[in-house]
Amino acid sequence: MGLRRRGKCGWEENKIRSALEMAVAPIILIGENNFIPCAKFPSMRILFIHSDYIEYEAKERAIKNAEEIEEKRERVEECLVSFISVEEGDSNIIGRVVGEIEDVAEKLNVKTIVLYPYAHLSNKLASPDEAMKVLKELEKELRENYEVHRAPFGWYKSFVISCKGHPLSELSKEIRGEKEEESEALKAEKRTTYWYIMTPDGEFKSVDEFDYKDYPNLKKFVDYEISGTRAVKQIPPHVELMQKLELADYEPGSDSGNMRYYPKGKLIKSLIEDYVESRVLDFGAMEVETPIMYDFNHPSLKSYLNRFPARQYQVLSGKDKYFLRFAACFGQFLLMHDATVSYRQLPIRVYELAKYAFRREQKGELVGLRRLRAFTMPDMHTFAADMEQAKADFKRQYEMAIQVLKDFGLNLGDYEVAIRFTRKFYEENKEFIRSLVELVNRPVLIQMWDERFFYFVLKFEFNFVDAMNKAAALSTVQIDVENAERYGITYYDEKGDKKYPYILHCSPSGAVERVMYAMLEKASMDSKKGIKPMFPVWLSPVQVRIIPVKDEFKEYGDKIMTSLEDEKIRVDLDDRDMTVSRKIREAEREWIPYIVVVGEREVKEGNITVRIRGGDVKTMLVEDLAKIIKEKTKDKPFRKLPLPKYLSMRPKFR
RNA sequence: GCCACCGUAGCUCAGCCGGUGGAGCGCCACCUUGGUAAGGUGGAGGUCGCGGGUUCGAUUCCCGCCGGUGGCUCCA
């Protein structure tokens, strides 16, 4: 759990995971829940294997009073094999054990259960008599709902088992008479991870004691983050919206998680990209472009990638094997490895819009625009001479991220802030952390680690909490203290010595698709609250729709259209053979912010009647409307309408 | 990756127990020329996700695959 969503590039995660896996390897059959001897309560240890088949044969008696048996050999297909160690006092908890076994069997959808006495899971076994009694009792109770086979007790047995190998195929459980205690792994995690809420005045509150009354979203975020609580069963609202608004859609001809974007969706996506790019260039980044695929055998990349090939898309080019990038880190680090940099030039920043970054996420995890296998990641790396410089830039980037999300219509409260750091970093930078919380002036989720698990010592994310109470990270910045060395990225200091810089990983917006997801989810929540859903005007694909009352006013409409277009406003005109109210209804359904109806009155008076989304119907001059829109789209990128201006000429994509 | 549910016209969906399919919207044609959220009439659209099996006969039952969604697992 503590390894969730921690780093942007995953170097350290991978390293840790592999270390964990190696450490666990000799006892891998035992799985995650290590068995902890517990003197106080009776407990039963069970190792479950979801098997294609198991074959066992009784060889010779292991104890004097071994069970009398008729058949020495048995083979069972498609079953849940339960290796069981019966401990002292277990006859009292048979009911719970039956429940647990049935629970697992139901999850795996198996109808056959094999009970296999297995002494080696425990060091305080029950007496053979008691164990026999317990096993027979278990068998009897399970028989009510399942086909049950029981391997003979008290014999040395040979066995062959085929494990299905999916994540749930190996489970271990310790069932206790009293309340469940946490596993050793969880305890270890708890020992080193601390969660708090930090209030704007710099106070640490326990996550359990903090009063969430005014911060319901923070509560949802904390629940999601710490306990992984999921709530409702429902199709995420943004999926329906992205289709209905003709923004994006699934592409059956590609791999899952690779979307198609219709003209309007492509426009919004491009505008978001243009916007983020101009922000980071203003911030002082140099835009670069690096390859999307990398050599598995490159020395800097090889070591960890070989351990996790399944996570990457792989590309065969003749005999050579490449992987598709999952962030822009590699390309930029390899580029900076070859650069010659003086301390006088720091901090320097490189930026790339990683289109796409590829991650072969697990299938069950792909949802609409929230999590994809191919996504667009604005990725900036800052190389800083020392921690002071790194912190200064971190703070500026934090402020930039707030502004960026604001311009997408996402304000503090729409998303929750998480700040994560090591204890050491905190001890040395208490005031700095506090200043970050002060900046947002609201409670923030804090995660602190005793040791540095990851490549960074400090990171923040802004997490959007959606209609289904799931949290998704948007903006993030991390201070990376070890990849410079790993990649051999250096600068020359005052004395001419080579030094490793600190590296800041920054995505001011998060993945572009995810920004779209957040905007759509927010719109959906708005509409539930009775607020008309809409995009910020600068992102609205059509900003003004002109509806002539009759064909004869189309010419006037064209004139209005041209003068608005000259002002760099996206306008179209509904020239279809429909009633006015019908056309208005459709324009409303497209979330168009300004609907202009023109007819006899307007032609005569030389003005327009504007229906403002979420507001009134007002009569004004074209210039007035242009001014309103220019004000709302000030300093934002502009792109032309990528569709025919006349609605009659426009195809339906869905 | 696992489990469950779903996949029928461009879209949203109906179709009980097996006998080659329906509605609304959209599209096309005609009528209607309309003033702020659905004007009328008619018409054309389907290899019922794909591949096997059972059957005289499968959209319907069974198996496999693909895709979507939910949950689990996972999440750089």
Side-chain angles (χ1 to χ4, degrees), chain A residues 1 3-17 32 50 104-110 164-171 228 230-236 239-240 243-244 246 249-257 304-305 308 310-312 325-330 357-368 370-371 375 377 379 454-456 468 470 472-473 476 478 505 507 511 532 545 547-554 576-590 595-602 609-612 616-618 651-654:
Chain A
M1 186 171 58
L3 297 177
R4 257 171 54 200
R5 215 172 41 239
R6 285 298 106 85
K8 201 151 61 74
C9 304
W11 294 89
E12 196 58 22
E13 278 84 336
N14 288 337
K15 214 169 122 187
I16 286 164
R17 285 181 48 184
E32 283 181 3
H50 188 194
V104 174
E106 195 186 340
K107 249 186 209 158
L108 299 171
N109 201 23
V110 290
K164 288 190 182 285
H166 59 77
L168 289 178
S169 65
E170 298 170 43
L171 292 171
R230 312 287 154 87
V232 236
K233 251 194 178 183
Q234 181 198 340
I235 293 176
V239 173
E240 205 176 308
Q243 295 173 325
K244 210 172 74 186
E246 291 194 342
D249 219 329
Y250 298 111
E251 175 50 72
S254 182
D255 188 22
S256 355
Y304 80 98
L305 270 175
F308 296 95
R311 280 303 206 165
Q312 275 72 50
R325 66 175 170 197
F326 43 82
C329 305
F330 324 112
F358 295 92
R359 296 180 191 179
R360 229 182 142 280
E361 302 287 7
Q362 293 188 91
K363 244 177 157 176
E365 202 48 40
L366 301 167
V367 187
R370 182 175 188 265
R371 172 170 253 112
F375 59 96
M377 188 70 163
D379 210 347
F454 310 107
Y455 58 80
F456 51 84
M468 302 176 75
K470 293 197 176 193
T476 181
Q478 302 148 12
H505 302 239
S507 188
K532 284 203 173 177
R545 159 104 9 117
I547 301 178
V549 173
K550 281 197 227 178
D551 278 352
E552 57 183 287
F553 306 117
K554 180 168 170 261
R576 294 172 301 173
D577 179 21
M578 278 196 276
T579 60
V580 172
S581 49
R582 184 71 183 280
K583 289 180 185 179
I584 287 168
R585 179 169 171 263
E586 298 215 351
E588 290 280 352
R589 273 223 291 232
E590 284 181 55
I595 301 169
V596 171
V597 177
V598 292
E600 204 176 344
R601 288 201 304 262
E602 288 78 10
T609 305
V610 184
R611 184 180 163 118
I612 301 165
D616 305 327
V617 177
K618 281 185 187 158
K652 279 203 155 44
F653 289 99
R654 254 189 89 83

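Throughout, protein chains are lettered first and strands after them, A, B, ... in sequence-line order, and every chain is numbered starting at 1.
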Give the rounded distance in Å between these two atoms: [atom1] of [X] and [atom2] of [N].
X	N	atom1	atom2	value
A/H50	B/C3	NE2	P	7 Å
A/D249	B/G67	CG	P	16 Å
A/L366	B/G70	CG	C1'	14 Å
A/K470	B/C75	NZ	P	15 Å

Listed by chain and number, what are the salt bridge (charged side-chain N to carboxylate O under 4.0 Å, His left out) partners of A/R576, not counting sequence neighbours?
A/D574, A/E586
Among all residues two or more places apart in sequence or in another chain, which pass the salt bridge (charged side-chain N to carboxylate O under 4.0 Å, His left out) test with A/E246?
none
Partners meeting side-chain hydrogen bond (donor to acceptor under 3.5 Å, both in side chains) with A/K532 (sequence neighbours left out):
A/E588
Protein proximity profile, nucleotides 42-50 of chain B - base contact B, sugar-phosphate-only contact S, no contact -, cut-off 4.0 Å on heavy atoms
---------
Indicate for each nucleotide in nucleotides 28-40 of chain B, in 5' to 3' sequence, whether protein heavy atoms under 4.0 Å reach the base (B), only the sugar-phosphate (S), or nothing (-).
---BBBBBBBBB-
In whole angstrom, give me the gap between the [atom1] atoms of [N] and [M].
N	M	atom1	value
B/C27	B/A44	C1'	9 Å
B/G10	B/G18	P	28 Å
B/U20	B/U59	C1'	9 Å
B/G51	B/A14	C1'	27 Å
B/C48	B/C2	C1'	29 Å
B/C11	B/C5	P	25 Å
B/U32	B/A38	C1'	15 Å
B/U47	B/G43	C1'	23 Å

If you apply the rule ring pair (Phe, Tyr, Trp, His ring centres under 6.0 Å), what do you find for A/H505 with A/F456, and how did you get there?
CA-CA 9 Å; A/H505 302 239; A/F456 51 84; 8.4 Å; no
For [N], which nucleotide in any strand shown is its Watson-Crick or wobble partner with both distances under 3.5 Å?
N	result
B/G67	B/C6
B/G35	none
B/U41	B/A29
B/U55	none
B/C11	B/G24

Could you walk me through whether A/Q312 and A/F358 satisfy the side-chain contact (heavy atoms from CB on, under 4.5 Å) test, starting with their C-alpha distance in whole Å, then the side-chain angles of each, then the deciding distance to 0.1 Å, before giving a yes or no?
CA-CA 7 Å; A/Q312 275 72 50; A/F358 295 92; over 6 Å; no
Taking all atoms of both residues into account, what is the closest heavy-atom pair of [X] and [Y], and its distance?
X	Y	answer
A/D379	A/C329	OD2-N, 3.9 Å
A/L366	A/S256	CD1-CB, 3.8 Å
A/R370	A/E365	NH1-OE2, 4.4 Å
A/M377	A/A357	CB-CB, 4.4 Å

What about A/R371, does its side chain sit under 3.5 Å from the base of B/C75 through a donor-acceptor pair?
yes
Does CD in A/E251 sit with more than 12 non-hydrogen atoms of other residues, nucleotides or ligands closer than 6.0 Å?
yes
Any non-hydrogen side-chain atom of [X] less than 4.5 Å from a side-chain atom of [Y]?
X	Y	result
A/V110	A/H50	yes
A/V610	A/I595	no
A/R545	A/V596	no

Can B/G45 be described as syn, meaning its chi torsion is within 90° of 0, or is it anti?
syn
Residue pair A/D255/A/E361 against RNA chain B: nearer the 5' end by closest nucleotide is A/D255
Measure all distances between protein nitrogen or oxygen atoms and nitrogen or oxygen atoms of nucleotides 8-12 of chain B, and list the pairs falling under 3.5 Å.
unit_1 : atom_1 : unit_2 : atom_2 : d
B/C11  : O3'    : A/R654 : NH2    : 3.1
B/U12  : OP1    : A/R654 : NH2    : 3.2

